[in-house]
Structures are given as C-alpha cells and as structure tokens.
Amino acid sequence: MTKTLYDKLWDSHFVTDIDGEGLLYIDQHLIHEVTSPQAFDGLNQKNRRVRRPDLTLATMDHSISTQSTSLDACGPKNALQLKTLIENCRQHGVVLYPVGDSNQGIVHVMGPEQGLIQPGMTVVCGDSHTATHGALGTLAFGIGTSDVEHVLATQTIRQTKAKNMRVLFEGELPKGIYAKDLILALIGKIGHDGATGHVIEYAGSAMSAISMEGRMTICNMSIEAGAKAGIVAPDAVTFEYLKGRKSVPSGQQFTDKVAQWKQLYTDDNATFDKEVILDVSDLAPQVTWGTNPGQVINVVDPIPALSSFANENQKQAAEKALAYMDVKEGTTLDSLPISHVFVGSCTNSRIEDLRAAATIAKQGKVAKGVKAIVVPGSVKVKEQAESEGLDEIFRAAGFEWRLPGCSMCLGMNDDVLGMGDRCASTSNRNFEGRQGRGSRTHLVSPAMAAGAALAGHFVDIRQF
Amino acid sequence: MEPIIKIVAKAIPLMNNNIDTDQLLPKQFLTEISRVGFGKHLLHDQRYLDDKEQVSNPSCVLNDTAYDGAEILLSGENFGCGSSREHAPWAIADFGFKVVIAKGFADIFYGNCLNNQILPVSLPGNIVDEIAKACSDNPSQKVEVNLDTQTVSCGSIEATFSIEVHHKQNLMNGVDKIGRTLQALEAINAYESRIEL
C-alpha cells in the first residue's frame, strides 16, 4: 500500500490502540513556562513522575523581558511563572535553558538549532507553532496543557488520525519574495481554516529550493491555515543543516542516519485528500490587511471590495476586520503610516531573517515616529548576528537590538502595543488585540518589515 | 470528572466566525499558574471597557443578564482557532459553559474541550443560525443537547451531530485519560524496547 510521509510517521510511532484511539510515542517533548505549570501540578497531585526526562527539554521564552535577564523584570506574576518552571524542572530532572543560558531561545528556534529535532521524529509542545519542526521531516504539532501532562506522564499522546493534504509551491522564487510571502499567499488562497483536520506536506520545485530556515517559517504557520502539522520530506538541504549540530551524530553514524532519513518520503502514487498548487513565480510581497492571516494581499494590490467576497460570512468577517484595522476597501496599503515594527517571533527570528532585514536596514534610517525592535530568536542567533555585525547595522539605522524571546508576537512581557498602534510585524497572528488591546498588526516578511520601518509606511521591497 | 450526558439550558449566541483563543482569553491572563478563575476574564476585550474589568460593556452578549445560568455557547466557523492555550477552554468552563455548539472548530481547541469535559458540537451553519436566532429572540429559550443520542433540539429545531465514539465514551464516563493510558503501560514499554529508546 502506498503511504504519505505523514502515514509513515504515524505508523512508526503507533504504540497501540486505546478505546479506538491511536496512542503515538513522542520522541521529543519541548516545554516552556506558560503551558506547563498546570501540567506539572496535575502530575504532582497524582504522585506521577515525568516518564522520560531525557526526552523532555525546557526553555524560557514567552514571559521574559527582552531588555533584562532578570526573572523579575516583567513583574511578580511573570517571575512566579518562570520560577515555577525552574522548580518543576528541578523536581522532575528536566533540563532547562533559563534566561541567561547560552542555549536559551524561543522553543521553536532553540530546538532545531541544537540539532535535537531530527527527521522521522514526533515532536510536541504546548504551543500551536510546534508545526515549525515539521520542516525537518518530523511529525510535530501543538497541544494543550492536559496533553502536556499526558505526555509528561506517559511519553505518548492519544490521537485521531488527520487527513493528508499536499501543497505544491512551484516555480522560481522572484527577488524580494521570501518563505513568509509563500505561506501568507497560501493561507490567503485556502483560508484561515482551509487545512483544518489535515496534515500538510509541502513540496514542489520552489519548496526544494528554499533553505531550512525558510521551510521552518512555512511549517510554522501551517496552524494559521488550521492544519494539524506541516511537513517537508528531508533532502540534501535538511542533511546539510543537521550536519555538525550539537545533538547530531558525526562520522559514520551520521552517514548511517542520512541513509535512514532518506527513507522518509511520500510514496509515488500515494493519495492525498486535498491538494493545492501555488505558482510562486509571479508572487509579490504579501501584507495582511485584516484580523486573520488569510486576509492578505499583494503589497501592490488594493484591499478587496466587500462585494467581491464569495459568501455572507466572509463579507461580514471582512467588514468587521476593516473597521478594527481602520482601513478601507479598495485602498492600497503602501501609503498607510505605521507606528511600530517588530522583527522577531518563532516565525521570523532566525539568522537568515535578520540578514534579510539588515540588508534593507543599512540603506536608511528608521522613520520619525516609528519604534522598531529586532528580537533575535535565541542566544545563538543573537551571537551569530553580532559576529556578523548585524546588531550594529540595526542600531545605526535606529532599530532597538533586544534579547531573545517571544516578545511582541503576543506581548506577554512589556513589549506590548497600545490602542490604535499600527505594527508591521514578522510574527504569525494579526488577531484583534494579539499584540495589545486595540492594536493593529500587519504580517509581513522581515525585509518588508525593515522597509516599512525606513519609509514609515509599507513599501514594495522589490524597489529597494 | 463529572460525566456529560444531557444538558438542557439557555444558550448564548456569540455568532462571529473565527473567534480565536487570543480573544477568548487574552495574553495578560496567561501568567497564572493554576487552572482556576479564568471565567471572569473570558472575552475580556469585548466584555469590559477597561483593563481592570470594572466597567462592563453593555453591548457584549456575555453581560446580558437575560442569559444568566446559560450552559451552552453558540458560535460560528473555526471557533477556537489560533493559540493552543488551554486557558481558553478553562475560561469557558469556569464561566459555566458545558457545551459549545459551533459551525466548525479548530483542531487543538476541539481536543482541549474534550480534555476539560466540555462537549464541542459541530452543526451545519444554517442550523446554528436558526438556534442562535431562537435564543436571541428569546433568551429564556432552552436548548437540549443529548450526547447519548447525539441530538440537539431547540423548540421545533432538531439536529443530529457526529462525534468519535471514544470521545463520546470519555465524556459520558468522565474518564481520567492519563490513568487509562497508563493501563497500556506494557505496550509503551514494549515500544521503547523495540526501538531502543
């Protein structure tokens, strides 16, 4: 029987059937301070232990300051949450990369850069952007806290199998177009719930040409189309990325691993429940205009007219979004003034993202009245960027250079937008109030964010 | 956990599509380290005019006292999309809801509901709209949700819904899922030996 890569990953991790539901083994469980305290509390109440602390790894990312390494920097509640993580990890023997540690970073940046995430694995985390790790040929998905507790206690998870979907990105990627533009364009095409109930496998000629970090950006936002997970079959790009990383074997062992990893592909003639093809060769930079990532346009195009929406539901959603975002149908975004720029998040805070933003940043100064921050995804990314002088470029242009964390993507620290602020953001969600009550988020690529910072409004980055 | 079999209660129509978990429970409440007390923060930005939750927004349906005692929440497509935060279903349950009827659910949220003894019921859009209209016209209107027979009724409106058998059994029996999985410990041990983890 022919199988998709998802089918193969499912089968190789299938432990047993419980009351008709699949029980899957989890190879790597990543945890952070926000979604784990209640899970550890649940374990402790029942005198249960973490079954495999060696397959569990914790970091601090959501609740931390990007301006100080003090746990107390963002107030007593954040501090208590961070200290609770320290205590839980200590009690249960889980390795933790706290603030200040040279391995600390956003959970979805830190994991792959350590080489911890390898093809063929199952990976879960109490965070919806766990799909990021699928870029390495893993089955990776976000879970709630009850399931975090379940994984801590049993190293398994109960699952109903999802459907298979394939997205083919075809064609040659034009200049100024990035992985972020591809995934935004896809969500624009299929909708905010266009992949609900499915695991997406990304393939096609454009996908093969995209770097590992770009693939992570794409898989990361699978959830924004409602997908359970996003996967890319491992190839030469994957193996090259993994070679020499901390947790990856070397020498003959690496060669043997690569031979195994090469078996991880979708069989010819395997069937998908859904397939979408997107030609990227004419794609323009993408900017969201509304309050979900599917409300997105080419930077050169006008916001769609309300009369153009296919059904009443979409029209109502668009009407509500236009009002919240204070933008008008039929207008373009290129002259819309912004107040903030955020370069960071698990979607776009890796070294290639910072390089792309810096290439633009060095061509000018942040416009008057715009506050722009750059938040690297991990200590390792920060160090790499500094060794390349990117921090100097950003500072010289008027950007603030911060410490690693989730920061303004969701504003659990003090990086919060105010009422009416308008932000060009490289993060993943433009929901109402996501970056602060009454704030307005436009999702873009790092280059587009940097361009907007210099101009004070959105610009077509291809003109730079 | 308390079993769910049949709920007969008022239902609050919150009929927008794509109500995400950021709206259901905003980030400033995610620093809590317990599972309790989130109900008062449910839909914070829409429910309160101020950040300290002292000034209620009269236009928010959750503040309409005509719906006091409601145990069913009605909503649109893609309910619970976005963040995996289980704080959102904790808030829904703490507010008093036992059932969410929507035109569609995001996957992670759906699973989180099941793990918290909240019954997620997915129904066709026109049926949810009809129920919402009935409950909007008459907030005292009771809606009956029967998990055993997988039926929803509201006045003359009747509908059936589907749910995986194992999810239904877990909800009807209030099963401790971890305890149940641990009964399969031998299979987990065998898996680990087989793949030399």
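The sequence lines fix the lettering, A, B, ..., with proteins before strands; numbering per chain opens at 1.
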* Of all the residues in residues 131-155 of chain B, which have a heavy atom that comes within less than 4.5 Å of a heavy atom in chain A? -> none
* Asked: Going by heavy atoms in the side chains, are Thr31(B) and Met412(A) under 4.5 Å from each other?
  -> yes
* Asked: For the candidates Asn115(B), Leu185(B), Asp45(B), Ile108(B), which exhibits the highest count of non-hydrogen atom pairs separated by less than 4.5 Å from chain A?
  -> Asp45(B)
* Straight-line distance of Asp27(A) CG to Ile195(B) CD1, nearest 0.5 Å -> 6.0 Å
* In terms of heavy-atom proximity below 4.5 Å to chain B, should Gln435(A) be classed as side chain, backbone, both, or neither? -> backbone
* Side-chain contact test, heavy atoms from C-beta onward, threshold under 4.5 Å: evaluate it for Lys27(B) versus His62(A) and give yes or no. => no
* To do: Please tell me if the side chains of Thr156(A) and Tyr191(B) come closer than 4.5 Å, counting only heavy atoms from C-beta onward.
  => no
* Taking atom CG of Asp147(A) and atom NZ of Lys177(B), what is their separation to the nearest 0.5 Å? -> 5.0 Å
* Side chain, backbone, both or neither: which part of Ser12(A) has an atom under 4.5 Å from a heavy atom of chain B? -> backbone
* In terms of heavy-atom pairs under 4.5 Å, which option from Gly76(B), Ala187(B), Gly111(B) contacts chain A the most? -> Ala187(B)
* **From CG (Asp193(A)) to CZ (Phe79(B)), nearest 0.5 Å** => 14.0 Å
* To do: Using a 4.5 Å cut-off on heavy atoms from C-beta on, say whether the side chain of Val416(A) contacts that of Gln28(B).
  => no
* Atom OG in Ser128(A), atom CZ in Phe109(B): separation rounded to 0.5 Å? -> 13.5 Å
* Partner chain A: residue of Asn18(B), Asp107(B), Asn112(B) with the largest heavy-atom pair count (under 4.5 Å) -> Asp107(B)
* Answer whether the closest heavy-atom distance between the side chains of Arg85(B) and Leu410(A) falls below 4.5 Å. => yes
* To do: Can you tell which part of Phe14(A) gets under 4.5 Å to a heavy atom of chain B, answering side chain, backbone, both or neither?
  => backbone
* Determine, stepwise, if the pair His192(A) / Asn17(B) fulfils side chain to side chain contact (heavy atoms under 4.5 Å, CB included). => CA-CA 11 Å; His192(A) 187 27; Asn17(B) 293 326; over 6 Å; no
* **chain B contact via Gln38(A) - side chain, backbone, both or neither, heavy atoms under 4.5 Å** => both
* Check Phe105(B) against Thr196(A) and note the closest heavy-atom contact, atom names and distance. => O-CG2, 3.6 Å
* What's the spacing between Ile18(A) CD1 and Gln183(B) CD if we round to 0.5 Å? -> 8.0 Å
* Side-chain contact, heavy-atom cut-off 4.5 Å: Arg437(A) with Pro26(B)? -> no
* Mind running side-chain hydrogen bond (donor to acceptor under 3.5 Å, both in side chains) on Glu77(B) and Asn313(A) for me, showing each step along the way? => CA-CA 9 Å; Glu77(B) 295 170 3; Asn313(A) 278 332; 3.0 Å; yes
* **Heavy atoms from other residues, nucleotides or ligands near NZ of Lys161(A) exceed 12 (cutoff 6.0 Å)** => yes
* **Option in Thr35(A), Ile143(A), Thr130(A), Asp41(A) with maximal non-hydrogen atom pairs under 4.5 Å from chain B** => Ile143(A)
* Asked: In a check of side-chain contact (heavy atoms from CB on, under 4.5 Å) between Thr181(B) and each of Thr154(A), Ile157(A), Val15(A), which one passes?
  -> Thr154(A)
* To do: Give a yes or no on whether the backbone of Gly433(A) and the side-chain of Gln23(B) come within a donor-acceptor separation of less than 3.5 Å.
  => no
* To do: Could you pull out the closest heavy-atom pair between Ala184(B) and Thr16(A), with the gap in Å?
  => CB-CG2, 4.2 Å
* To do: Pick one of side chain, backbone, both or neither for Glu33(A), based on which atoms fall under 4.5 Å of a heavy atom in chain B.
  => neither
* To do: Drop me the distance from Leu43(A)'s CG to Ile178(B)'s CD1, to the nearest 0.5 angstrom.
  => 6.5 Å
* Minimum side-chain heavy-atom gap His166(B)-Thr160(A) below 4.5 Å -> yes
* Interchain contact, His87(B) with chain A, by part (heavy-atom threshold 4.5 Å) -> side chain
* To do: Indicate the atoms forming the closest heavy-atom contact of Gly82(B) with Ile223(A), along with that distance.
  => O-CG1, 4.2 Å
* Between Gln81(A) (side chain) and Leu30(B) (backbone), is there a donor-acceptor pair under 3.5 Å? -> yes
* Asn189(B) portion near chain A, given a 4.5 angstrom heavy-atom threshold -> both
* Report the C-alpha separation of Leu182(B) and Arg48(A) in whole Å, then their side-chain angles, then the decisive distance to 0.1 Å, and conclude whether the side chain to side chain contact (heavy atoms under 4.5 Å, CB included) test is met. => CA-CA 11 Å; Leu182(B) 287 172; Arg48(A) 288 170 177 154; 3.7 Å; yes
* Asked: So which of Gly197(A), Ala153(A), Gly226(A), Ser63(A) has the biggest tally of heavy-atom pairs under 4.5 Å with chain B?
  -> Gly197(A)
* Asked: Is any side-chain N of the basic residue among Glu149(A) and Arg35(B) closer than 4.0 Å to the acidic one's carboxylate O?
  -> yes
* Asked: Side-chain contact, heavy-atom cut-off 4.5 Å: Arg429(A) with Cys81(B)?
  -> no
* **Sole residue of His167(B), Arg180(B), Gln169(B) in side chain to side chain donor-acceptor pair (under 3.5 Å) with Asp19(A)** => Arg180(B)
* So which of Pro89(B), Ser83(B), Gly179(B) has the largest heavy-atom pair count under 4.5 angstrom toward chain A? -> Ser83(B)
* Asked: Is the count of non-hydrogen atoms from other residues, nucleotides or ligands lying under 6.0 Å from Lys77(A) atom NZ greater than 12?
  -> no
* Structure fact -> Answer key: most heavy-atom pairs under 4.5 Å with chain B among His13(A), His129(A), Glu224(A), Arg158(A) is Arg158(A)
* Please lay out, stage by stage, how Glu192(B) and Arg51(A) fare under the test side chain to side chain contact (heavy atoms under 4.5 Å, CB included). => CA-CA 12 Å; Glu192(B) 286 180 336; Arg51(A) 180 178 173 86; 2.7 Å; yes
